[in-house]
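All values below come from the heavy atoms of this structure, side chains included, with hydrogens, waters and symmetry mates left out. The chains referred to below are lettered A, B, ... by the order of the sequence lines, with proteins before strands, and numbering in each begins at 1.
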There are 2 protein chains.
Amino acid sequence: MSITTKEKAVKQIIAVFREYGYEGTSLSLLSKATGLGRSSLYHHFPKGKEDMAAAALEAVLVSFDTMVFTPLRQKKQTPFQRLNTCAKGLSLFYANGERSCLINIFSVGAAGKLFQVPLEESTLAMINMFSNLAKEAGIPGKIARHRAEELVISIQGALVLSRTLHSKSLFNRLVKELPGRFLEVD
Amino acid sequence: MSITTKEKAVKQIIAVFREYGYEGTSLSLLSKATGLGRSSLYHHFPKGKEDMAAAALEAVLVSFDTMVFTPLRQKKQTPFQRLNTCAKGLSLFYANGERSCLINIFSVGAAGKLFQVPLEESTLAMINMFSNLAKEAGIPGKIARHRAEELVISIQGALVLSRTLHSKSLFNRLVKELPGRFLEVD
DNA sequence: GTCTATATAGGGATAGAC
DNA sequence: GTCTATCCCTATATAGAC
């Protein structure tokens, strides 16, 4: 299997874990989604489901960094401009709130213990990225961090409500209001 | 089994579902937690796991109504006073953020489809309760609803972060700041 | 690298004794 | 109302042919 074929497989795997959760995902579902037999999956992911979940989480975090964090690092742009691009990245990454966040999905049950460290680290990374941007925009450190924490809380919460209400409107509004509100001085 | 004994069993069942999710919860776990054999569980919950999850969700929603909504209905108190008691109820109900919200936990995979209607209804009920309180406090309808939506988003998000960061601090801060911020005029 | 076949365990669920 | 015993199914995982 070529590297790009594997990347495609991982994309399908991510979609399954997002929808069914770690425990709700079976090798049969993964086999169907990837088009590979169960045994073929073990060839690529020796530890089976655990390895696939790890690969899914890693790929998701890389993708998140590219789509959401990279804009925040464009030092030639103003913080507001960066936040605007970042917000667009968020909409794309979460498909306007229709996709669940693996950090939330994997934080429950057996997966929560398996991936405890990367889940905690990636949550902190999100907070730090936004906090640093706020500081660059001249917001005092303590307030910057406070705001970053609230933003990450809002993103996770909006994704939960998108799922229960079957509506993208709250997530879309959050993203729309994000750039203006995050950097406002009060 | 007496009614209070069954209530105790349901409490244990709730704890298991909260920790392991719907799919991650097995009859063995439920048997161990309740102290009842698998077959005894079927005597009380004929449809097995699905019935137990339904009972857990129903009990949780009743308990939430008692601890969180009831304070909001005390018309003799000011909205601020009610919100203060409500906030204390939230802390108790979620054990300072250490307990997950079943609405989030059950919104994934098979349970998400099984309980789609009650999950959506209870999320809307939360929004409506807070929205009505804001209106009573003189906040215009549209803004009131907007704020209520953001509050429910914050609660769900803070619970997610409490789980991934293994820290109660963000949830506790949210609850602490809640009464003052929810009704503030800007 | 993918397949078929299979091993083994655990899942949910039921029947019937007590 | 609780138990033991049992059934069937699906789950994960492995061995080995191609």
Under-4.0 Å side-chain N/O to phosphate OP1/OP2 contact, B/Ser40 with D/dG1: no
Less than 4.0 angstrom between a side-chain N/O of A/His43 and OP1 or OP2 of C/dC3, yes or no?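 No, A/His43 has no side-chain N/O under 4.0 Å of OP1/OP2 on C/dC3.
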Applied to residues 78-90 of chain A, the salt bridge (charged side-chain N to carboxylate O under 4.0 Å, His left out) test, sequence neighbours excluded, yields A/Arg82-A/Glu136
Got a list of side-chain donor-acceptor pairs under 3.5 Å for residues 58-72 of chain B, not counting sequence neighbours?
from, atom 1, to, atom 2, distance (Å)
B/Asp65, OD1, B/Arg73, NH2, 2.6
B/Asp65, OD2, B/Arg73, NH2, 3.3
B/Thr66, OG1, B/Val62, O, 3.1
B/Thr70, OG1, B/Asp65, O, 3.1
B/Thr70, OG1, B/Thr66, O, 3.3

Whole angstrom is fine here: how far is it from NZ in A/Lys6 over to P in C/dT2? 10 Å
Summarise how protein sits on nucleotides 7-18 of chain C as a single string, 5' to 3': B when a protein heavy atom is under 4.0 Å from the base, S for sugar-phosphate-only contact, - for no contact. ----SSBBB---
Side-chain donor-acceptor pairs of residues 112-122 of chain B under 3.5 Å, sequence neighbours excluded:
from, atom 1, to, atom 2, distance (Å)
B/Gln116, NE2, A/His166, NE2, 3.4
B/Ser122, OG, B/Pro118, O, 2.7
B/Ser122, OG, B/Leu119, O, 3.2

Just list the side-chain donor-acceptor pairs under 3.5 Å for residues 174-185 of chain A, sequence neighbours left out, or say none.
from, atom 1, to, atom 2, distance (Å)
A/Glu177, OE1, A/Arg181, NH1, 3.0
A/Glu177, OE2, B/His146, NE2, 3.2
A/Arg181, NH1, B/Glu150, OE2, 2.6

Residues in side chain to side chain contact (heavy atoms under 4.5 Å, CB included) with A/Val108, at least two apart? B/Ile105, B/Arg163
